[in-house]
Amino acid sequence: MKQAPDIPTHAIDIWYAYADRLIASDSIENHLKVLSDSEKNQLGRFSLTRVREESLASRLLTRHALSFYADVAPERWQFAKGPRGKPYVVSPWQDFHAFNLSHSANLVVFAIARHGTVGVDVESIDRATTGIPLARRFFASQEVEQLLALPPEMQRESFLQIWTLKEAYIKAVGDGLAMPLDRFFFDLTAAGPAQLHVGDGGQAGTEWLFTQLRLPSRHHIALGVTHPMLTKKSNKQQMYVRAREFKSTQAPITCADVVCTEKNAWYFHQEAK
Ligand SMILES: CC(C)(COP(=O)(O)OP(=O)(O)OC[C@H]1O[C@@H](n2cnc3c(N)ncnc32)[C@H](O)[C@@H]1OP(=O)(O)O)[C@@H](O)C(=O)NCCC(=O)NCCS
């Protein structure tokens, strides 16, 4: 068996699902058959319905989407977690790390690449908590300056972009909030994709590519990826993001569904610097 998904080297697949719609596509009893005992136990610990639904939907989406790439039943995937909680596959693929997930405001997002490291974050554009005071608390000074330079009506949008990009980066690295959020920044002022800067001198993180997409449901998704092919400076590369909704656990997903057309998918291109 192959140990990685058959995804073109420069493509990232995004699968997204609306938690309520996905859960309604079959009985809870059938959904739970796909989950491991520890996943079921964890669900039982959530008191809020919304959190429980998003958590169930994220497990279903992860398992069904992974099964799209391998002849493996959704219930057979086994996962472990890194030191800071980032999940990875241990069986039947061994130590497969090139995926990540995020959920917010009823949307669940799963991003997967052939290899390398992936981080994804989603937020609703309508989330209440944004603003300069919050930026001053969490963001790097360069990011706060970028926001302050904008007219007030544009600050909210840029705040959200920076927030999700930062989350995508710390999730790709796997450190989560153990990574100080003011030690790196994103430059949204230059033309083209957001550029990561890291280190004391704010050097460009050229081995990383970031992209963002917006769903009609007013969810904003940021995605970060790095892998050895992207670090080859001589090898100017393009990254493709293929995004598609996963609507039902009962409808079989076929290859034809995922060969993206302009009708059912968004394409984004990014060039490595
Ligand atoms: C856990 C964390 C990595 C992301 O949390 P989040 O944004 O609340 O949650 P998301 O929905 O985006 O991601 C959750 C998923 O990420 C994955 N995850 C957990 N720990 C992870 C880690 N260290 N690295 C990458 N992914 C991780 C899990 O699959 C998790 O799903 P689950 O909760 O269903 O098990 C962490 O960064 C966090 O707690 N963030 C809080 C938000 C914040 O204060 N951000 C600062 C603004 S820049």
Side-chain angles (χ1 to χ4, degrees), residues 14-19 22-23 31 35-36 38-46 48 50-63 65-66 77-90 96-113 116-124 127-144 146-147 158-186 188 194 196 210 212 219-226:
I14 286 191
W15 297 77
Y16 63 91
Y18 295 94
L22 185 64
I23 291 170
H31 287 323
L35 270 56
S36 68
S38 71
E39 287 170 331
K40 280 185 266 198
N41 287 339
Q42 196 189 13
L43 278 187
R45 288 199 291 270
F46 295 129
L48 284 177
R50 181 188 61 78
V51 178
R52 206 167 41 233
E53 282 188 356
E54 281 182 16
S55 189
L56 172 58
S58 76
R59 300 298 175 274
L60 294 173
L61 177 66
T62 301
R63 289 176 171 279
L66 281 168
W77 296 101
Q78 289 178 31
F79 303 91
K81 285 181 179 176
R84 308 271 184 203
K86 184 172 185 178
Y88 60 96
V89 173
V90 287
F96 176 74
H97 288 258
F99 73 95
N100 195 223
L101 49 137
S102 180
H103 38 89
S104 180
N106 197 40
L107 193 82
V108 182
V109 180
F110 171 83
I112 182 167
T117 302
V118 174
V120 68
D121 190 56
V122 61
E123 295 288 347
S124 165
R127 64 170 282 159
T129 43
T130 67
I132 299 294
L134 207 57
R136 286 195 202 281
R137 186 165 160 213
F138 286 115
F139 292 0
S141 57
Q142 294 89 339
E143 291 164 330
V144 177
Q146 285 177 57
L147 290 179
S158 293
F159 176 96
L160 193 77
Q161 290 190 30
I162 293 172
W163 180 286
T164 52
L165 285 162
K166 285 175 96 67
E167 284 273 318
Y169 178 57
I170 62 176
K171 292 181 71 184
V173 173
D175 282 354
L177 289 176
M179 180 182 285
L181 293 168
D182 56 359
R183 296 272 177 83
F184 63 96
F185 69 92
F186 282 91
L188 300 186
L196 170 70
F210 290 87
Q212 305 175 72
H219 289 89
H220 185 86
I221 299 169
L223 177 73
V225 59
T226 185

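Note that these values count all heavy atoms, side chains included, but never hydrogens, waters or copies made by symmetry. One-based numbering, in listed order, for ligands and for the atoms of each.
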(message) Does Lys166 qualify as a cation-pi partner of Phe138, given the criterion of NZ or CZ under 6.0 Å from the six-membered ring centre and within 45 degrees of its axis?
(response)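 Geometry flag: not set, cation outside 6.0 Å or 45°.
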(message) Looking at Trp77, I'd like to know if the NZ or CZ of Arg59 sits under 6.0 Å from its six-membered ring centre while staying within 45 degrees of the ring's axis.
(response)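 So Arg59 doesn't make the cation-pi contact.
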Before signing off on this row, confirm whether [X] and ligand 1 have an N or O atom pair separated by under 3.5 Å.
| X | value |
| --- | --- |
| Lys166 | no |
| His103 | yes |
| Arg84 | yes |
| Asp175 | no |

(message) Please determine whether any non-hydrogen atom of Gly174 lies less than 4.0 Å from an atom of ligand 1.
(response)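 The answer is yes, since Gly174 has a heavy atom less than 4.0 Å from ligand 1.
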Could you tell me whether [atom] has at least one protein heavy atom nearer than 4.0 Å?
| atom | result |
| --- | --- |
| atom 30 (C) of ligand 1 | no |
| atom 9 (O) of ligand 1 | no |
| atom 44 (O) of ligand 1 | yes |
| atom 4 (C) of ligand 1 | yes |
| atom 21 (C) of ligand 1 | yes |

Atom [atom1] of [X] and atom [atom2] of [Y]: how far apart are they, to the nearest 0.5 Å?
| X | Y | atom1 | atom2 | value |
| --- | --- | --- | --- | --- |
| Trp15 | Leu66 | CH2 | CG | 10.0 Å |
| Arg137 | Leu181 | CZ | CG | 10.5 Å |
| Leu165 | Phe185 | CG | CZ | 13.0 Å |
| Glu54 | Phe46 | CD | CZ | 10.0 Å |
| Leu60 | Phe110 | CG | CZ | 12.5 Å |

Looking at [atom], what's its closest protein heavy atom, distance included?
| atom | result |
| --- | --- |
| atom 27 (C) of ligand 1 | Lys86 CA, 3.8 Å |
| atom 41 (C) of ligand 1 | Leu177 CD1, 3.5 Å |
| atom 26 (N) of ligand 1 | Asn100 ND2, 3.1 Å |

(request) Just go through Glu167, Arg137, Arg59 and tell me whose heavy atom is the nearest to atom 46 (C) of ligand 1. (result)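 Looking at heavy atoms only, Glu167 sits closest to atom 46 (C) of ligand 1.
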(request) Counting heavy atoms only, name the option from Asp121, Leu181, Ile170 that's nearest to atom 37 (O) of ligand 1. (result)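 That would be Ile170.
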Kindly say whether [Y] contributes a backbone atom to a donor-acceptor pair with the side chain of [X] at under 3.5 angstrom?
| X | Y | answer |
| --- | --- | --- |
| Gln146 | Phe186 | yes |
| Lys81 | Pro87 | no |
| His97 | Thr117 | no |

Heavy-atom contacts under 4.0 Å between [X] and ligand 1: side chain, backbone, both, or neither?
| X | value |
| --- | --- |
| Ser58 | side chain |
| Val122 | neither |
| Lys81 | neither |
| Glu54 | neither |

Counting from 1, what ligand 1 atoms have a heavy atom of [X] closer than 4.0 Å?
| X | value |
| --- | --- |
| Leu101 | 13 (O), 15 (C), 16 (O), 29 (O), 31 (O) |
| Gly85 | 18 (N), 19 (C), 20 (N), 21 (C) |
| Ser102 | 10 (P), 11 (O), 12 (O), 13 (O) |

(message) What I want to find out is whether Glu39 reaches Arg63 closely enough, with some N-O distance under 4.0 Å, to be called a salt bridge.
(response)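 Here Glu39 pairs with Arg63 in a salt bridge, since their nearest N and O are under 4.0 Å apart.
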(message) Taking Arg127 first and then Glu123, would you say they form a salt bridge - that is, a charged N and a carboxylate O separated by under 4.0 Å?
(response)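 A salt bridge is present here (some side-chain N lies under 4.0 Å from a carboxylate O).
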(request) Establish, from distance only, whether the side-chain atoms of His220 and Gln212 form a donor-acceptor pair under 3.5 Å. (result)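 A pair is found: one side chain offers a donor N or O, the other an acceptor, under 3.5 Å apart.
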